[in-house]
Amino acid sequence: DKETPATNDDAGEGGANPKKVLESLKNRALTAVGRAPKDPKLEAAKALLSEGAAFKVTVTGAPGGQGEMCRVSTTADGTIITWQSLELVNNMPKTSGALALSEITGVVKPSTGTVSAWISGLSGPVMILQHNTPNETVKLEAQNDAMRDEWADAIKLVTDAARTSHADAKEQRHFSRHAAKELELMTKRQAAERRKKEIMQSMGKGGGMKHAARAMAERA
């Protein structure tokens, strides 16, 4: 009795199962970020932003250019920084706003000791959040320099991590699409090889039919 050969569902060329190998690679790529050890500094920065604090917030283009005292904090998932004015109108914040951390392109602590800085309204412990919207910035004025520096460093650390995470997710989606296409091609090649073997085995018993079987297999 002849041994039953392994099918391509169990193993591919060289005894490896392409589908299982591909799935293993994809799973490792998709879980790599989740398994990465947590950075204590990053976690502390997230906690600081989540707890929130009071800042005078001015958004470029706001009516009158006057800032509002706001509570600034991040959302529960830590992806968006929000501000809500302490002053209420009809039991609702007078002003509010939000900005995705992944959209922040820079955190600037401008020099405040010059006349031009004073004219521009940068006379206090200020930091500027630059983001993807052209000609628009968010100015946060803290209660003192130490608070400004702590928050500026935390926002920069968290936004850098958010952009990296966004890029990783994009790369993972690209890998998943590529893996799906590669798996489809592998499956088609395996099916073609299986059909050829079946034809050769079923028609190989007739000596005069071998050539025809081979031709049929090549056309498959």
Side-chain angles (χ1 to χ4, degrees), residues 32-171:
V33 175
R35 292 202 310 268
K38 292 184 177 181
D39 182 350
K41 291 183 178 180
L42 177 60
E43 294 304 310
K46 288 180 178 180
L48 175 69
L49 301 184
S50 177
E51 182 179 353
F55 288 85
K56 184 177 181 180
V57 180
T58 305
V59 179
T60 301
Q66 300 297 319
E68 294 281 348
M69 286 301 300
C70 299
R71 182 182 185 276
V72 179
S73 64
T74 51
T75 51
D77 61 1
T79 61
I80 300 173
I81 189 167
T82 66
W83 54 93
Q84 297 179 327
S85 63
L86 302 181
E87 181 181 352
L88 302 179
V89 176
N90 297 325
N91 293 323
M92 296 292 291
K94 180 180 177 181
T95 60
S96 63
L99 182 63
L101 291 172
S102 60
E103 293 184 357
I104 296 177
T105 57
V107 181
V108 179
K109 295 185 290 185
S111 173
T112 59
T114 63
V115 174
S116 60
W118 182 82
I119 294 175
S120 301
L122 303 178
S123 57
V126 172
M127 59 178 157
I128 305 294
L129 305 185
Q130 300 171 330
H131 56 96
N132 292 335
T133 303
N135 303 319
E136 183 175 305
T137 59
V138 178
K139 181 178 75 173
L140 304 181
E141 183 175 348
Q143 299 173 21
N144 50 61
D145 289 341
M147 178 182 176
R148 186 270 313 273
D149 292 345
E150 184 180 27
W151 267 72
D153 292 343
I155 292 174
K156 185 177 187 307
L157 189 61
V158 173
T159 54
D160 287 347
R163 284 195 297 271
T164 300
S165 177
H166 181 74
D168 288 342
K170 184 176 180 181
E171 183 177 353

Minimal non-hydrogen separation, [X] against [Y], with atom names:
| X | Y | value |
| --- | --- | --- |
| Met147 | Ala53 | CE-CB, 3.5 Å |
| Gly78 | Val158 | O-CG1, 4.5 Å |
| Met127 | Ile155 | CE-CD1, 4.1 Å |
| Trp83 | Val72 | CB-CG2, 3.9 Å |
| Pro125 | Gln143 | CG-C, 4.1 Å |
| Leu48 | Glu150 | CD2-CG, 3.6 Å |

[atom1]-[atom2] distance between [X] and [Y], expressed to the nearest 0.5 angstrom:
| X | Y | atom1 | atom2 | answer |
| --- | --- | --- | --- | --- |
| Leu99 | Thr79 | CG | OG1 | 11.0 Å |
| Glu68 | Gln84 | CD | CD | 13.0 Å |
| Leu101 | Leu157 | CG | CG | 11.0 Å |
| Ile128 | Ile104 | CD1 | CD1 | 12.0 Å |
| Cys70 | Glu141 | SG | CD | 12.0 Å |
| Leu140 | Ile81 | CG | CD1 | 6.0 Å |

Sequence neighbours left out, what passes salt bridge (charged side-chain N to carboxylate O under 4.0 Å, His left out) with Asp149? Give chain and number order.
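Partners of Asp149 under the salt bridge (charged side-chain N to carboxylate O under 4.0 Å, His left out) test: Lys109.
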Among residues at least two apart in sequence or on other chains, which ones pass salt bridge (charged side-chain N to carboxylate O under 4.0 Å, His left out) with Lys56?
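None.
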In the structure I gave you, are the side-chain heavy atoms of Glu87 and Met69 within less than 4.5 Å of one another anywhere?
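Glu87 vs Met69: side chains apart.
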Sub-4.5 Å side-chain heavy-atom contact between Val108 and Gln130
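Contact flag for Val108/Gln130 side chains = yes.
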Please check if the side chain of Asn144 supplies one atom and the backbone of Ala146 the other of a donor-acceptor pair under 3.5 Å.
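Pair found, side chain donor or acceptor close to backbone of Ala146.
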Flag, side chain of Thr58 to backbone of Lys139, donor-acceptor distance under 3.5 Å:
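Flag not set: sc Thr58 to bb Lys139 has no pair under 3.5 Å.
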Between Asp153 and Lys156, is the closest basic N to carboxylate O distance under 4.0 Å?
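No, this pair does not count.
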